[in-house]
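Heads up: the structure comes next, in structure tokens.
Values reported hereafter were calculated over all heavy atoms of this structure, with side chains retained and with hydrogens, waters and symmetry mates removed. Reminder, nothing fancy here: chain letters follow the sequence lines and each chain counts from 1.
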Amino acid sequence: MKYNFNDIEAKWQAYWAENQTFKAENHSDKPKYYVLDMFPYPSGAGLHVGHPLGYIASDIYARYKRHKGFNVLHPQGYDSFGLPAEQYAIQTGQHPAVTTEENIATYRRQLDQIGFSFDWSREVRTSNPDYYKWTQWIFIQLFNSYYCNIDNKAEDISELIKEFERAGNAKVDAVCDEDTPSFSAEDWNSWSSEKQQEILLKYRLTYLAETEVNWCPALGTVLANDEIVNGVSERGGHTVVRKKMTQWSMRISAYAERLLQGLETIDWTDSLKESQRNWIGKSVGASVVFNVKNHDETIEVFTTRPDTIFGVSFMTLAPEHELVSKITTPEQQAEVEAYIEKTAKRSERERMADVKTISGVFTGAYAEHPFTKEPVPIWIGDYVLASYGTGAVMAVPCGDQRDYDFAKHFNIAIPNIFEGVDISEEAFADKENTVIGNSDFLNGLNYKQATKKAIEELEKLGHGQGKTNYRLRDAVFSRQRYWGEPFPVYYVNGMPQMIEAKHLPITLPEVEKYLPTEEGEPPLGRADVWAWNTETAEVVNNELIDNKTIFPLELNTMPGWAGSSWYFFRYMDAHNDEAFASKEALDYWQNVDLYIGGSEHATGHLLYARFWTKFLKDRGYVQVDEFAKKLINQGMILGTSAFVYRIEGENKFVSKDLVQDQTVQPIHADVSFVNASDELDVDAFRNWRPEFKDAQFITAEDGTFKVGREVEKMSKSKYNVVNPDNICTEYGADSLRLYEMFLGPLEQYKPWNTAGITGVHGFLKKLWKLYVDDNGIKVTDAEPSKDSLKTLHKTIKKVEEDIENFSFNTSVSTFMIAVNELTAQKCTSRAILEPLLVLISPYAPHITEELWSQLGHEGSISTVAFPQFDESHLVESSKNYPISFNGKMRFTMELPMDMSKEDIEKAVLEYDKTQEQLQGRTPKKVIVVPGKIVNIVG
RNA sequence: GCAGAAGUGGUGGAAUUGGUAGACACGUUGGACUUAAAAUCCAAUGAACAUUAGUUCGUGCGGGUUCAAGUCCCGCCUUCUGUACCA
């Protein structure tokens, strides 16, 4: 019987689907284990071999955990709202729901043929109204919450309103906008409802505010900071400009400290945690208030070095700073205005590219040093960013290199306030070795002492206090797009109102085009039926809007990360229409035990999802603080591109080994035309494109034509994309799974080379032949040999360790070694071969199911207990000792395991080969490590 | 600039606590089977020297610790990833 993988794989995939083999139960006596892959976006191109890498790894782990007796939740679904489907809709007029549906079908077919153990009964799609109903619901909860700094958690906004009615906001310590005024209870109670709502927006966790946003004209939408790479849009590489717009924002900054602290409690990679730490950007220091001479204005700055306050010799404001126009003296007016105009014109990108040029202008105004009362000149300069801190810095040139460079450039004094440090060449920024001098009451103190003292003194003077600053900004939550979740929001007198939760979902309206309107409104502005009737609680025709009972609905939609910020909870109870998931399900599954995905989501999805989890916990909807306990980033699989070389100016191609010093042009050839020995199928290449049809090919003497190889990112344009469908047809899903793992460590970037798959495919054939010959199953009930038991048990040990360490590549080698050994031992024993199948089944589930059933078992192998490791089979009576001379291994010597150190030394020294090596010398020293090694020195 | 990861044969990679460097594969070469091919099987395969026995070198580079270093320490170089005038 031959190993007919196509039939076997189809058979078992059908079996799993029919029997719902991998359906997870929400009630079980078994311990739970939740394995999750990062949500795929179903793109039109389908999967290439790089995509399933993480899915295969998580699938192996999920299957392993089932063998280990866990109730495993291993779901899959689609992040199905998003820009590509919408761009496609704009180009073709097709509804994004239609193309999304088609793409999902392709994905599903491709995923199914790889044999994943997903519980498809729990599939979720973010674009499905049953799902986004709850995304809208969470949005409403955020709107109805504020962040209380005293309790350090989110609380219901009604609590805040009660307090405002009772005592105004004097005693309230909550996260709010910078410009929130102080008010009394009388003020509050005297205000109109609109005014009250305006104030409440300053506290709500999601709020509408005029913000400066990253506007991408080409995409017609706003982008979040993490959607911009090097000043251009991440998708498409379009220009991004700053623009003021009224937008929904998420008050994620309220959670900055908890998001930072939480990192200590989760097992994520260091690089990922580090990215999040940098993104949150905590800095501890002080806020210092400077008076402006001859003005009532004050300038507040944030500094991490209050200890260097006596080294201040100027201040710098961002050119956009609101005080600039107020304090600039008439003499400096023209110069300042010219500078502001010049910097405003420079795009973010230019400003970033050109960090070296120092520019700035003196405003003519002076601040007053809080301690010395000396005048401090106020400059403006674009090295100060309006968006960080207060948009102003106190410049200490002796202690900060940027201030130093600025001072040098403009000939500003650089007073030295450090003991025994030379600052004639550069600033001194070493906090550890700082001793302050020339600084009145701070003299002689180190960094820590001086910082503490300076803050105390500033507080006494009322000129500052200790402060912690975060780089993390509130996240803009609106997109001027069609294909996203609609907001459950309508407007009364310009004030946003939430639709009651019981009327959700508010489904996407139909539009005739997916472009912004002529007036520049988002695509939903084209919908005819997009108004809210508050009496009937229905979405009605816009013509009915009377602003009495029928109001306009929000035209923006939610961003891509809305749906993916909580989907991991939905899988726990995917069809619940009473709640986003039942309390029982949430209590049982808690959070994700293992999350596998790419590292590109470090500061986007993975931060927002943590934020929403903490919010849901605060409001009592979930029990957990973090949604994923452990996270692994899989590396990318790169393509191995193939190049053919065309002689410059001629339609003549030359085999790689004959190129020599001719001037040639490398041209990408499709990798499917190239075999394992880098030989090109010339005919296939000719037929590929008309211009190659009549080309000449200079081949090697043996008639072969060699291509060059280079490792690049896998991409259509490089013709190096390998489709898993072809691999499955030609070698089978089990070969694909094994090979993806065999390529190397999961986290590492590594090139794909289809040629190597014959290795694992050969292994599967050998495995098959161990069980089956021409007459069918050849497994017997014979007593296993000692050697076979040893092979089995060392394999159990190694594989178990490997899986626990996510070292899947080494377990594939271990299987190969085991099968090679058992084949050599001519093992046919059921007692060996049955457990071996269970070991391999997480990696190669189809072939093992088939052999398991052929061995006479009913039902799936997937829940059979993992074999128990028994040390006793590995105990050796002797050891083949490596004998080294001065650290160099010369020969080996078989000696009993229980031999004493002294006897080993004696035996080794008496051995002929030892004397041969020593050539009459007397060893100075003999090191014997029993069970390991012998080293002879001398 | 800063942070993180990584550098081992022709290639992917292995070596879990310092103890036989290169497991397991790919590729290459030779052989068996075959009319031939495919498939399968066997053997060799880090480099140099040597008829053999064997010797020398060898884990990015330079030092060091140790009986023993891919592994530990110090100083560099290169590549990848992320991030950046963050006060």
- Task: Mind checking A:V937 for me? I need base, sugar-phosphate or nothing, with any heavy atom below 4.0 Å counting as a touch.
- Result: sugar-phosphate
- Item | A:F742 and A:Y739 aromatic ring geometry - parallel, tilted or perpendicular at 30°/60° bounds | tilted
- Go through residues 633-643 of chain A and report each residue with a non-hydrogen atom lying under 4.0 Å from RNA chain B, sorted by number. none
- Message: Would you measure the distance from the P atom in B:U51 across to the matching atom in B:G58 and give it in whole Å?
- Response: 24 Å
- Taking for each residue the nucleotide of RNA chain B with the nearest heavy atom, is it A:I933 or A:I757 whose nucleotide lies nearer the 5' end? A:I933
- Task: Identify whether the glycosidic angle of B:G13 places it syn (within 90° of 0) or anti.
- Result: anti
- Would you kindly give the CH2-to-C1' distance between A:W279 and B:C86, to the nearest whole Å? 12 Å
- For A:K798, which residues count as a side chain to side chain contact (heavy atoms under 4.5 Å, CB included) partner, sequence neighbours excluded? A:D802, A:T810, A:T814
- Message: Under 4.0 Å, heavy atoms only, any strand: does A:T316 hit a base, just the sugar-phosphate, or nothing?
- Response: nothing
- Query: Mind checking the C1' distance from B:A21 to B:U71? Whole angstroms is fine.
  - Reply: 11 Å
- B:U66 to B:U56 separation - C1' atoms, rounded to the nearest Å: 23 Å
- Just by modelled atom types, is the A:I847 backbone N or O under 3.5 Å from a matching donor or acceptor in the A:D734 side chain? yes
- Task: Quick one, give me the B/S/- string for nucleotides 4-14 of chain B, reading 5' to 3', where B means a protein heavy atom under 4.0 Å from the base and S means that only happens at the primed atoms, P, OP1 or OP2.
- Result: S-------BSS
- Query: Between A:F310 and A:H369, is the ring centre distance below 6.0 Å?
  - Reply: yes
- Please figure out whether A:G391 or A:K888 has its closest RNA chain B nucleotide nearer the 5' end. A:K888
- Roughly how far, to the nearest 0.5 Å, is CG of A:L743 from NZ of A:K750? 6.5 Å
- Message: Between A:K906 and A:E902, does any NZ, NE, NH1 or NH2 come within less than 4.0 Å of an OD or OE carboxylate oxygen?
- Response: no
- Message: By nearest atom, which of the nucleotides B:C67, B:C26, B:C85 is closest to the A:Y383 side chain?
- Response: B:C85
- Query: In terms of the angle between their ring planes, are A:F410 and A:W379 parallel, tilted or perpendicular, with boundaries placed at 30° and 60°?
  - Reply: tilted
- Message: OP1 or OP2 of B:U56 versus the side-chain N and O atoms of A:R890: is any pair under 4.0 Å?
- Response: yes
- Summary of protein contacts for nucleotides 37-48 of chain B, nucleotide by nucleotide, where a base hit scores B, a sugar-phosphate-only hit scores S (4.0 Å, heavy atoms): --SSS-------
- Message: Rounding to an integer number of Å, can you tell me how far A:R402 CZ sits from B:A84 P?
- Response: 14 Å
- Query: Is the NZ atom of A:K282 crowded by more than 12 outside heavy atoms at less than 6.0 Å?
  - Reply: yes
- Output all residues satisfying side-chain hydrogen bond (donor to acceptor under 3.5 Å, both in side chains) with A:T754, sequence neighbours left out; order by chain, then residue number. A:W752
- Quick one: does A:M38's side chain get under 4.5 Å of A:E600's, heavy atoms only? no
- Query: Any side-chain heavy-atom pair from A:Y383 and A:V393 closer than 4.5 angstrom?
  - Reply: yes
- Classify the angle between the aromatic ring planes of A:Y843 and A:F815 as parallel (below 30°), tilted (30 to 60°) or perpendicular (above 60°). perpendicular
- Message: My validator wants the stems of RNA chain B: runs of 3 or more consecutive Watson-Crick or G-U pairs, both distances under 3.5 Å, written as range with range.
- Response: B:1-7 with B:77-83, B:10-12 with B:24-26, B:27-32 with B:40-45, B:46-49 with B:54-57, B:60-64 with B:72-76
- Task: Would you indicate what A:N820 reaches in the nucleic acid, counting non-hydrogen atoms under 4.0 angstrom: base, sugar-phosphate, or nothing?
- Result: sugar-phosphate
- Side chains of A:T823 and A:L770 in contact at under 4.5 Å (non-hydrogen atoms): yes
